[in-house]
Each structure stands twice: as structure tokens, then as C-alpha cells.
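Contents: one structure, followed by commentary.
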Amino acid sequence: MANTKPRFYLTTPIYYTNGLPHIGHTYTTVVADTIRRYKRMQGYEVVMTTGTDEHGVNVERAAQKAGVPESEFVARMAEAWRALWEELGVPADEFIRTTEVRHARTVQWLFKLFRENGFVYPGHYTGQYCIYDNAYVDVKLGENCPDCGRPTETVTEENYFFKLSAFQQPLLDLYKKNPAFIQPETRRNEILSFVEGGLRDLSITRTSIRWGIPVPGEEKHVFYVWFDALTAYLSAVGGPEYERRGFWPADLHLVGKDIIRFHAVYWPAFLMAAGLPLPKQVWAHGWFLIDAGKMSKSKGNVVLPRPIAQVLGMDALRYYMLRETVFGQDGNFSYDALVQRYNSDLANGLGNLASRTLTMIEKYFEGKVPTPSPDEDVRYDTLLHTAIADISDVCSYYDVLNFSRALERIWGLIAEVDKYLVLQQPWALAEDASKRSQLGTILYAAAESLRIACHLAHPVLPDATTKIWKSLGLSGTPSDLQFDARVTQDNWGRLRPGTRIGKPEPVFPRIEKAEALERMEAMESEPQKPVAAPAAIGGTVASPSGAAAQTAPEKIAIEDFAKVEMRVGQIKTAERIVGADKLLKLTVDIGSEVRQICAGIAQFYEPESLVGRKVVVVVNLAPRKLRGVESNGMIVAASVGPEGKPVLAAFTEDVEVGARLK
């Protein structure tokens with residue numbers, strides 16, 4: 001039987017392999033995963049594509065610096081990206097690497113169509129080139145890139161040019177005919193202004209670099225990295241045979257606002273030149289800012305997702321990113337705001353409602369969902385109508401990617417249930433046997449509202465809502481029930497009376513803010529590890545929300561180990577950091593210089609006992625800030641016992657300060 005489901009294809013950017021994923025990349029991927037889950041709950045067959053952009057001069061130079069061939073360098077990076085998305089619960093349906101044969105075949109096929117249709121020609125180009133953005137920029141010699149602010153290089157080379165200028169009017173016609181093609185409106189206006197200002201032909205090959213896909217028969221030319229990377233969206237779902245797969249054109253490209261031009265101008269022009277169908281929409285979101293500036297590896301201000309997922313759980317990070325910032329606008333990342341959202345909305349909101357409702361059903365009705373009597377005077381209809389209205393509104397917000405408003409409405413329902421329970425006081429009614437019918441009606445209304453809230457929030461909080469779903473005695477997961485946005489009472493009452501609930505378990509236990517912040521910031525300075533079960537924080541356990549279990553350490557080659565530079569250091573001074581119970585600020589002589597290093601050993605070592613002590617120092621870590629104090633290196637210690645007590649590595653013989661460990 002043929003598949004009759006409607007299809008939906010969406011993509012994240014094809015991420016550049018010049019570093020490991022930070023929270024900005026995670027944001028885009030989480031949004032894509034949320035849309036994928038929502039569309040599947042609407043009955044669509046969905047493919048979500050992500051991948052790695054592995055060509056270009058940046059990769060060439062990074063591989064040279066690492067002392068390994070480019071192919072080995074990008075293979076490691078691609079696996080790290082793929083593994084992280086798996087660990088965080090946002091794996092792609094298609095993970096495309098631009099070094100794959102299927103991708104090279106698609107790029108070369110597209111170029112062939114350009115030639116056949118008369119849209120490429122040979123030429124020479126001299127101009128300023130930004131290696132960081134992999135783009136020619138319209139600046140004078142010696143000026144910095146207008147986008148990233150970093151130095152540009154002068155490049156003169158033989159190229160093939162794409163006749164972008166021929167598509168100025170077709171693009172303007174596209175934008176006029178389909179106003180929703182570029183979203184949000186601010187980005188559409190930006191692109192309209194750019195295209196109306198005139199388009200110049202675009203160089204789409206390079207002869208100054210060798211690491212790229214070659215032009216067939218003219219191997220000294222390799223394809224421009226942006227032409228290469230954009231084509232990955234097509235190669236992921238069949239390339240030249242896209243019609244057989246049936247997922248092209250893409251329904252949605254999700255991108256950051258800094259790369260909107262490539263996706264809303266160059267990419268549709270490329271497809272027009274090849275005579276191929278155009279994507280239906282390009283959505284450009286804003287950045288997560290740190291201290292009002294863009295997060296970037298070069299600035300050393302990136303926030304990593306693993307520490308947050310390990311301490312608070314991945315659902316908490318998903319909720320914070322989608323609730324705190326209106327999609328399409330810039331947002332400011334703050335650990336304080338993250339933990340505050342966790343405690344106020346997740347622990348005190350959804351988590352508390354689930355706990356108190358299930359506990360009362362367990363206590364007063366022997367763990368079975370009670371039978372409601374809607375005619376009881378307990379304002380039963382109040383929650384019924386609120387929940388039904390919210391279903392329609394939340395679906396409408398999801399449809400336009402307004403995740404913040406969707407979550408606001410869901411948490412409005414949660415607040416209504418809390419208010420309802422406070423007003424009706426079921427715990428007081430439980431003391432009067434004659435009020436049992438009212439008690440059952442109240443708790444059924446609360447439990448059914450909780451079920452609807454879990455169903456609506458599932459695309460954003462897949463793990464926590466599944467746990468509550470099972471605790472309600474429901475089979476499967478919330479994703480098994482399709483979204484029905486029609487305002488009808490059929491959406492109410494799916495929780496069957498008499499259902500045996502599961503044992504109430506906390507999904508978002510409240511955490512101590514100071515200790516959570518300290519742990520997350522400390523983990524930022526450590527090598528990234530797989531997401532594991534959370535550790536105790538302030539006497540409670542932070543739920544991993546279904547995060548992957550700790551896996552066995554991956555084997556590394558001797559070349560990998562050789563990258564870690566460790567030296568003998570001697571501690572010159574040691575003092576506590578105000579407001580950080582676990583951290584000490586040390587100054588350490590490593591022979592060539594004295595470094596300031598923060599170490600999480602304050603609970604086990606007195607500062608004065610460390611002065612003069614020789615320790616092992618990892619000296620080639622990137623500097624990080626912990627509790628506002630810069631740390632330039634790491635002290636090596638063993639983790640001993642169930643509490644993970646740190647024990648500093650030491651020497652039984654006299655060793656010179658600055659000596660390198662091998």
C-alpha cells in the first residue's frame with residue numbers, strides 16, 4: 001500500500017566544521033527537532049536534515065595546524081557533531097557530509113545544468129576575501145570584513161562566474177508573489193533592499209585552494225564553499241534523483257540571520273538557473289547574545305550545551321531557548337535566567353502540578369483515575385473550556401513558529417489548574433466521605449488538563465511529557481495522539497476513569513541555584529563529555545529528562561593524546577573565590593610564566609596547604625571564565641570514591657618546574 005501521508009522536509013544549516021557545537025548551533029537544531037515532532041503529530045511524514053560543511057580554506061588551514069590530512073580532520077569533526085546531536089536527543093533523519101560521494105555528484109550535476117542553460121562563464125577575480133565567512137566582501141584593501149569584523153585577504157584567481165545578475169528581477173518577482181518566502185519580516189525587508197540595489201555575478205569556483213569538490217575535467221577548479229554547502233540540502237534527499245524520494249522542494253530552511261543572504265538570494269537563484277523547484281520558505285532566527293555580543297569561538301564566549309544538559313536535563317535547555325526568546329529575534333543567554341526558568345516554570349509549574357495531582361489520585365482513589373460528575377458544582381467546565389481553547393491557540397502558534405507564545409498559553413493552562421486546585425481544596429474535601437463525587441470530579445479535571453498540557457508541550461519537552469504521560473497510566477507517548485486543532489469537546493475526556501496510574505515520580509525537582517550555576521560554569525572549562533546521569537545538587541537530583549546514559553570512553557590515537565600539553569607547575573598563591581564554595585583561585589608557576597587557574601577543590605583542600613606544592617597542569621586549554629574569574633589552564637586530579645573527591649596528582653621524586661609530561 002502506497003504511503004498517503006503528506007510530506008514535510010526541513011533543514012538546519014550545514015554547519016561548518018571549524019569547531020564543536022555551541023548553544024547557538026543547538027538552538028537551530030532544537031527548533032528543527034521541535035518542528036519535526038509537531039509536524040509528525042499532525043500526521044506528516046517528516047525528514048529533517050542537518051550535516052557538516054567540510055570544504056574550504058578554513059578547513060585546509062585547521063587540518064594543517066592539527067598536523068593531520070583534511071579527510072581525517074573533517075571525519076573527526078563530523079563524528080563529534082553527529083554524536084552530540086544523538087546525545088542531546090536531536091538526531092537528524094539525514095546527516096549529510098559535503099565530502100560524501102552522493103553530495104559531490106549533486107554539486108557537479110548542478111554545475112552541469114548551469115552550463116547547459118548558459119548561466120556560467122570563465123573569468124578572473126581580484127578582491128578582498130573573508131576566510132572566516134568564506135565569502136568575497138565589498139571592502140577596500142586592508143579593511144576588515146563588514147560581517148564578522150575580522151581581517152580580510154586579497155585574492156586574485158581564475159574562476160567560473162555564475163550569472164547572478166540575471167536573476168535580480170526573477171528574485172524580486174518571487175518575493176512579491178510569495179511574501180512568506182523569507183521570514184521574519186525584518187529579514188525580508190533586508191533582502192529586498194539588497195536585491196533592489198543590484199546583483200553582481202558570483203564566483204562559484206576557486207583555483208587558489210585544493211580542498212574542495214573539483215569541476216569535472218578542470219580539476220584545478222574546486223567549487224566555492226557556499227555553492228557546495230547549499231547544494232547539500234538537495235543531495236541529502238536524492239540529488240539528481242530527488243523526484244524519486246519525493247521530499248524536494250524543501251518546505252523550510254532554518255538559518256541564522258547572518259547567513260540569510262546565501263539562502264534567500266544565492267540558493268534560489270542557483271535553483272532557478274538549473275530549472276529546479278524552489279524551497280517554500282527560509283526562516284532566519286536571531287542570535288543568542290552574551291553581554292550584548294554575538295557568541296563565537298574566536299571571542300571565547302561560547303556556551304556549550306552538554307554541561308546544561310548534564311546538570312538540568314535537555315528538556316530544561318529546550319524550554320529555556322524556546323520560551324525565553326521570540327523566534328526570529330535576538331535573545332540574551334543567561335545562566336541565572338536559565339535556572340530561574342527551570343525552578344519557576346518547570347519545577348514549580350509542570351513538575352509540581354504533575355506531582356500533586358498524581359499523589360492525590362494515589363492517596364484518595366487507590367491510584368485509579370476517578371470518574372467525573374460534570375454536573376457537580378466544582379467549576380468543572382472552567383478547565384474544560386480553557387483546555388479546549390488552548391489546543392486551538394497553541395496549534396496556531398506552532399504553525400507560525402511562535403514557540404514562546406505557544407508555551408505561554410500552555411503554562412497559562414497549568415496556572416489555571418493550580419488556581420483551580422487551590423480554590424476547590426480537594427485535600428479538605430477528602431476528609432468528608434459525602435464529598436467523594438466532588439473530589440473525584442476535581443481530580444479528574446486536573447489530571448485531564450495535565451494530559452492535554454503534556455500533549456501540547458510534547459514537541460518542546462519530549463522526555464518529561466512522556467514520563468508524565470506514562471505516570472497518568474497512558475500507553476505509548478504523547479506523540480501517538482495526533483494534534484486536532486478543531487475547537488471541539490472531543491478533545492476532552494480521553495483519560496479513561498479507572499485507569500491505573502503509575503508511581504508518581506518527580507520530573508523537575510527543584511535545584512539550588514548557586515550550586516547549579518557553579519557546576520555548569522565549571523563544566524564549561526572541562527573537555528566535553530557525553531551527557532550522563534545528573535549528580536546531586538543541594539540535596540536534590542536534577543533530572544536528565546531522558547538524556548543518554550554514560551558511555552564507555554572512546555579510544556584515541558597517540559596523536560590525539562600528544563595534543564594535550566601537560567607541565568609541572570608550582571602553586572605560588574591560593575585563595576577562595578567569593579560566592580563560589582567549590583572554587584579556588586591559584587597562581588601557578590609553569591616555568592615559562594605564572595598562570596592564574598581556577599580549580600574546583602575548595603571543599604577538600606585549604607588554600608594555605610597548597611602554596612609551594614608541585615602539581616600537573618594542562619597548559620594548552622583555551623582560557624575560560626568561572627564565576628567571573630579567568631582560568632588559564634587546568635590542574636590535574638584523580639576522582640576518588642562515590643563522591644568523586646579530587647586528589648591532586650603528585651610526584652614522589654623532585655621534578656623541575658616547567659618540565660613537560662610525556
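What's counted below: heavy atoms across the whole structure, side chains too, no hydrogens, waters or symmetry copies. It should be emphasised that the depicted structure is a prediction, and the values quoted were computed from it without experimental measurement. By convention here, the first residue in the shown sequence is residue 1.
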[atom1]/[X] to [atom2]/[Y] distance, rounded to the nearest 0.5 angstrom?
X: Leu358; Y: Ile468; atom1: CG; atom2: CD1; result: 8.0 Å
X: Gln183; Y: Arg187; atom1: CD; atom2: CZ; result: 12.0 Å
X: His263; Y: His253; atom1: NE2; atom2: NE2; result: 6.5 Å
X: Ile511; Y: Leu517; atom1: CD1; atom2: CG; result: 8.0 Å
X: Tyr444; Y: Thr371; atom1: OH; atom2: OG1; result: 9.0 Å
X: Gln329; Y: Ser404; atom1: CD; atom2: OG; result: 9.0 Å

If you measure only the distance, is there a donor-acceptor pair under 3.5 Å linking the side chains of [X] and [Y]?
X: Thr28; Y: His285; answer: yes
X: Ser434; Y: Asp432; answer: yes
X: Thr49; Y: Tyr9; answer: yes
X: Tyr15; Y: Thr29; answer: yes
X: Thr34; Y: Arg318; answer: yes
X: Glu416; Y: Tyr420; answer: no

Taking the ring of [Y] and the ring of [X], is the distance between their centroids below 6.0 Å?
X: Phe403; Y: Tyr397; result: no
X: His22; Y: His25; result: yes
X: Phe327; Y: Trp283; result: yes
X: Tyr320; Y: Phe333; result: yes

Is any side-chain heavy atom of [X] less than 4.5 Å from a side-chain heavy atom of [Y]?
X: Glu185; Y: Asn189; result: yes
X: Lys39; Y: Leu10; result: no
X: Asp463; Y: Val507; result: no
X: Ile361; Y: Pro370; result: yes
X: Leu429; Y: Tyr364; result: no
X: Gln482; Y: Gln42; result: no
X: Lys503; Y: Ser471; result: no
X: Asp315; Y: Phe508; result: yes

Work out which heavy atom in [X] is nearest to a heavy atom in [Y]; give both atom names and the distance.
X: Cys395; Y: Phe483; value: SG-CD2, 3.7 Å
X: Asp330; Y: Gly286; value: OD1-CA, 3.3 Å
X: Gly349; Y: Trp411; value: CA-NE1, 4.5 Å
X: Cys454; Y: Trp469; value: CB-CE3, 4.3 Å
X: Val46; Y: Arg40; value: O-NH2, 3.0 Å
X: Pro509; Y: Tyr342; value: O-OH, 2.8 Å

Quick one: does any side-chain atom of [X] pair with a main-chain N or O of [Y] as donor and acceptor, under 3.5 Å?
X: Arg494; Y: Ile452; result: no
X: Thr499; Y: Arg496; result: yes
X: Tyr335; Y: Ile308; result: no
X: Tyr319; Y: Met314; result: no
X: Asp480; Y: Thr477; result: yes
X: Asn343; Y: Arg510; result: no
X: Thr441; Y: Pro372; result: no
X: Ser373; Y: Asp375; result: no
X: Arg188; Y: Ile182; result: no
X: Lys280; Y: Phe181; result: no

Any ion pair linking [Y] and [X] (charged N to carboxylate O, less than 4.0 Å)?
X: Glu362; Y: Arg500; answer: yes
X: Lys467; Y: Glu505; answer: no
X: Arg36; Y: Asp93; answer: yes

Practice item. Step by step, work out the side-chain contact (heavy atoms from CB on, under 4.5 Å) result for Leu450 and Leu472. Key: CA-CA 9 Å; Leu450 178 63; Leu472 284 167; 4.2 Å; yes
Review point. Does NZ in Lys435 sit with more than 12 non-hydrogen atoms of other residues, nucleotides or ligands closer than 6.0 Å?
Key: no
Practice item. Decide whether a cation-pi geometry holds between Arg7 and Phe247; the criteria are a distance under 6.0 Å from NZ or CZ to the six-membered ring centre and an angle within 45° of the ring axis. Key: yes
Exercise for review: Check side chain to side chain contact (heavy atoms under 4.5 Å, CB included) between Gln425 and all other residues, then give those that pass, not counting sequence neighbours.
Suggested key: Trp427, Ala428
Exercise for review: Begin from the C-alpha positions of Glu45 and Phe8 and carry the test side-chain contact (heavy atoms from CB on, under 4.5 Å) through to its verdict.
Suggested key: CA-CA 6 Å; Glu45 181 183 357; Phe8 191 89; over 6 Å; no
Exercise for review: Before giving the answer on salt bridge (Lys or Arg N to Asp or Glu O under 4.0 Å), spell out for Glu408 and Arg323 the whole-Å C-alpha distance, their side-chain angles and the decisive distance to 0.1 Å.
Suggested key: CA-CA 7 Å; Glu408 183 181 331; Arg323 177 67 189 276; 5.1 Å; no
Check your understanding: Should the pair Tyr27 and Phe288 be assigned to parallel (<30°), tilted (30 to 60°) or perpendicular (>60°) ring geometry?
Key -> perpendicular
Practice item. Begin with the C-alpha distance, continue with both residues' side-chain angles, and end with the deciding distance and a verdict on side-chain contact (heavy atoms from CB on, under 4.5 Å) for Lys513 and Asp336. Key: CA-CA 8 Å; Lys513 181 178 178 180; Asp336 282 342; 3.4 Å; yes
Point to revise | Verdict with supporting geometry, Arg405 and Asp393, salt bridge (Lys or Arg N to Asp or Glu O under 4.0 Å) | key: CA-CA 9 Å; Arg405 288 300 301 274; Asp393 288 345; over 6 Å; no
**Study point:** Arg306 and Thr26: CA distance, side-chain angles, deciding distance, side-chain contact (heavy atoms from CB on, under 4.5 Å) verdict
**Key:** CA-CA 10 Å; Arg306 275 192 178 108; Thr26 307; over 6 Å; no
Check your understanding: Would Arg519 and Glu512 satisfy salt bridge (Lys or Arg N to Asp or Glu O under 4.0 Å), going step by step from the backbone distance to the final call?
Key -> CA-CA 11 Å; Arg519 287 199 63 222; Glu512 293 297 326; over 6 Å; no
